[in-house]
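A, B, ... follow the sequence lines: proteins, then strands. Residue 1 opens every chain.
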Amino acid sequence: MSEIFYKSDFPSAIGRLFYIWSEDGSINFLVNDGKNFESFLESLKRKFPRCAVVEMRSDKIENEVTRYLEKKSHGINIRPVFVNGNSLERKIWEAAMTVPYGKVASYKELAAMAGYPNAWRAAGTAVGHNPVMLIVPCHRIIKSDGSIGRFGGGEKVKEFLLNLEQKN
DNA sequence: TGCATGGCGCCGG
DNA sequence: ACCGGCGCCATGC
């Protein structure tokens, strides 16, 4: 990674989005929380001190996200590249990406899918560290009793996304 | 090394 | 439906 691109305040149906991406088109970070964005960007600069950090929007990312939020697609076709996260977290994120559009899984089920059948509590924590909302569809992970559970980007957003994927 | 921390699960009241 | 309480587990300090 010789250049790191970032974009703040991309307007969307779920609020201002912030994302970080690479020249190969992969995405490293996508949130609707500016504070998390700032701290992640700083940590990235420390981790890759030789990389140039450039403000630059991505047509592909913005188009994919917009189409998804307008219900014109059933998912976002962008490859995430995780620049942080421990082994458990990455396995949890990978497992979450296998939950199809319009479906849900519980945190307990997700832990089992990732190969940690008893670590559902830790799985919840790991999902909370998801760096790329929508791409890793952590909004599809809900509680075992069917209630919605928590969400880094706000529970209203989680509800919005689940509702979006539900209706037809 | 221990211990507090979490986007949880399950049972009772 | 909404709480407490207790159990659960990998991480990080």
Salt bridge (Lys or Arg N to Asp or Glu O under 4.0 Å) pairs, two or more places apart, involving residues 29-47 of chain A: A:Glu42-A:Lys45
Under 3.5 Å, N/O pairs linking protein and nucleotides 6-11 of chain C:
unit_1: C:dT11; atom_1: O3'; unit_2: A:Asn86; atom_2: ND2; d: 3.3

Neighbour count >12 (heavy atoms, 6.0 Å) for atom CD, A:Glu155: yes
A:Asp24 side chain reached by A:Arg79 side chain, heavy atoms, under 4.5 Å: yes
For A:Phe18, ring pair (Phe, Tyr, Trp, His ring centres under 6.0 Å) partners two or more places apart: A:Phe37
Residues within residues 29-39 of chain A bordering DNA chain C, heavy-atom distance below 4.0 Å: none
Outermost nucleotides of DNA chain B that come under 4.0 Å of a non-hydrogen atom of chain A: B:dG6 to B:dC10
Heavy-atom side-chain contact between A:Leu30 and A:Phe10 under 4.5 Å: no
Side chain to side chain contact (heavy atoms under 4.5 Å, CB included) evaluation trace for A:Ile78 with A:Val132: CA-CA 11 Å; A:Ile78 302 171; A:Val132 280; over 6 Å; no
Summary of ring-ring contact (aromatic ring centres under 6.0 Å, His included) pairs that have at least one residue in residues 83-110 of chain A, sequence neighbours excluded: A:His74-A:Tyr101, A:Phe82-A:Trp93
Residues clustered with A:Ile148, ILVMFWY side-chain links under 4.5 angstrom: A:Val104, A:Ile142, A:Leu162
Stem list, DNA chain B (Watson-Crick or G-U pairing under 3.5 Å, at least 3 consecutive pairs): B:2-6 with C:9-13, B:8-13 with C:2-7
Nearest-Å distance once atom P is located in both B:dG7 and C:dC6: 22 Å
Pairs touching residues 132-144 of chain A that satisfy side chain to side chain donor-acceptor pair (under 3.5 Å), sequence neighbours left out: A:Tyr68-A:His139, A:His139-A:Glu165, A:Arg140-A:Glu165
Donor-acceptor contact below 3.5 Å, side chain A:Arg57 vs main chain A:Lys7: no
Residue pair A:Tyr116 / A:Lys91, side-chain heavy-atom distance below 4.5 Å: yes
Nearest heavy atoms of A:Lys60 and A:Asn77, plus distance in Å: NZ-O, 3.2 Å
Any residue of residues 123-151 of chain A with a heavy atom less than 4.0 Å from an atom of DNA chain C: none
Pairing residues for A:Phe29 by the ring pair (Phe, Tyr, Trp, His ring centres under 6.0 Å) criterion, not counting sequence neighbours: A:Phe40
Summary of side chain to side chain donor-acceptor pair (under 3.5 Å) pairs that have at least one residue in residues 118-133 of chain A, sequence neighbours excluded: A:Glu89-A:His129
A:Met97 side chain reached by A:Pro137 side chain, heavy atoms, under 4.5 Å: yes
